[in-house]
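Down below is the structure, laid out as C-alpha cells.
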Amino acid sequence: MESTFESLVSKIQHLPKVKLREVSDFVEFLTWQESQKGQSERGDLEMELSDQEFETLADELTNAVGSNVTLLSDYAVSRAGIYEEHP
C-alpha cells in the first residue's frame with residue numbers, strides 16, 4: 001500500500017495546478033461518498049424533517065432569496081390564467 005501511495009504522490013507532484021484542483025475535487029467527492037455510505041449503513045441518515053425544522057429551513061431560504069423575486073399574480077396561477085390562449 002505504501003508504494004501505491006508514494007507512486008500517487010509522485011505523479012500528483014508533476015501535475016499542473018488545474019489538474020491538481022480536479023484531483024482535489026475527486027478526493028473530496030470520494031471522501032464525501034464514503035461518509036454518506038457509512039451513515040446510511042448505520043441508519044443515521046434521517047431524511048424526514050420535523051415541522052419546526054422545515055419552518056426554520058423555509059425561513060432561511062426566504063431570507064437568502066430576499067425581495068428580488070417577482071411574484072406571480074393570483075390570475076397567473078389560476079386555472080383561467082394557466083389555460084389562457086397565448087399567441
Side-chain angles (χ1 to χ4, degrees):
M1 180 71 174
E2 188 63 32
S3 63
T4 303
F5 178 77
E6 290 171 359
S7 174
L8 283 172
V9 170
S10 175
K11 291 176 184 177
I12 290 172
Q13 287 175 336
H14 293 52
L15 290 175
K17 284 187 177 187
V18 172
K19 295 296 180 183
L20 285 174
R21 281 189 223 116
E22 287 182 34
V23 170
S24 177
D25 289 346
F26 183 65
V27 170
E28 288 293 324
F29 168 74
L30 290 176
T31 304
W32 172 83
Q33 189 178 42
E34 280 299 309
S35 71
Q36 294 301 308
K37 179 181 170 186
Q39 285 180 355
S40 64
E41 286 176 354
R42 290 189 311 267
D44 293 341
L45 193 57
E46 182 72 30
M47 297 303 288
E48 193 168 320
L49 297 175
S50 70
D51 290 342
Q52 181 61 37
E53 290 170 324
F54 176 80
E55 290 297 326
T56 302
L57 288 173
D59 289 342
E60 288 175 11
L61 180 60
T62 302
N63 292 337
V65 170
S67 61
N68 296 332
V69 176
T70 304
L71 300 177
L72 295 174
S73 67
D74 289 339
Y75 177 76
V77 294
S78 69
R79 182 177 297 272
I82 292 171
Y83 293 108
E84 180 181 288
E85 290 295 323
H86 298 283

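Residue numbers count from 1 along this sequence.
For Glu55, the side-chain hydrogen bond (donor to acceptor under 3.5 Å, both in side chains) criterion is met by no residue, not counting sequence neighbours. Legend: residues meeting side-chain hydrogen bond (donor to acceptor under 3.5 Å, both in side chains) with Ser73, ordered by chain and number and at least two apart, are absent.
Phe26 CZ: 12 or fewer foreign heavy atoms inside a 6.0 Å radius. Residue Asp74 qualifies as open at atom CG: its count of foreign heavy atoms under 6.0 Å is 12 or below. Counted within 6.0 Å of CG on Asp25, heavy atoms from surrounding residues, nucleotides or ligands total more than 12; the atom is thus considered enclosed.
Thr31 places a side-chain N or O within donor-acceptor distance of the main-chain N or O of Val27, the cut-off being under 3.5 Å. Within the 3.5 Å criterion, the main-chain N or O of Arg21 finds no donor-acceptor partner in the side chain of Ser24.
Leu20 and Val18 are members of different hydrophobic clusters when ILVMFWY side chains are connected at heavy-atom separations under 4.5 Å.
Minimum heavy-atom separation, Ile82 to Val77: CD1-O, 3.6 Å.
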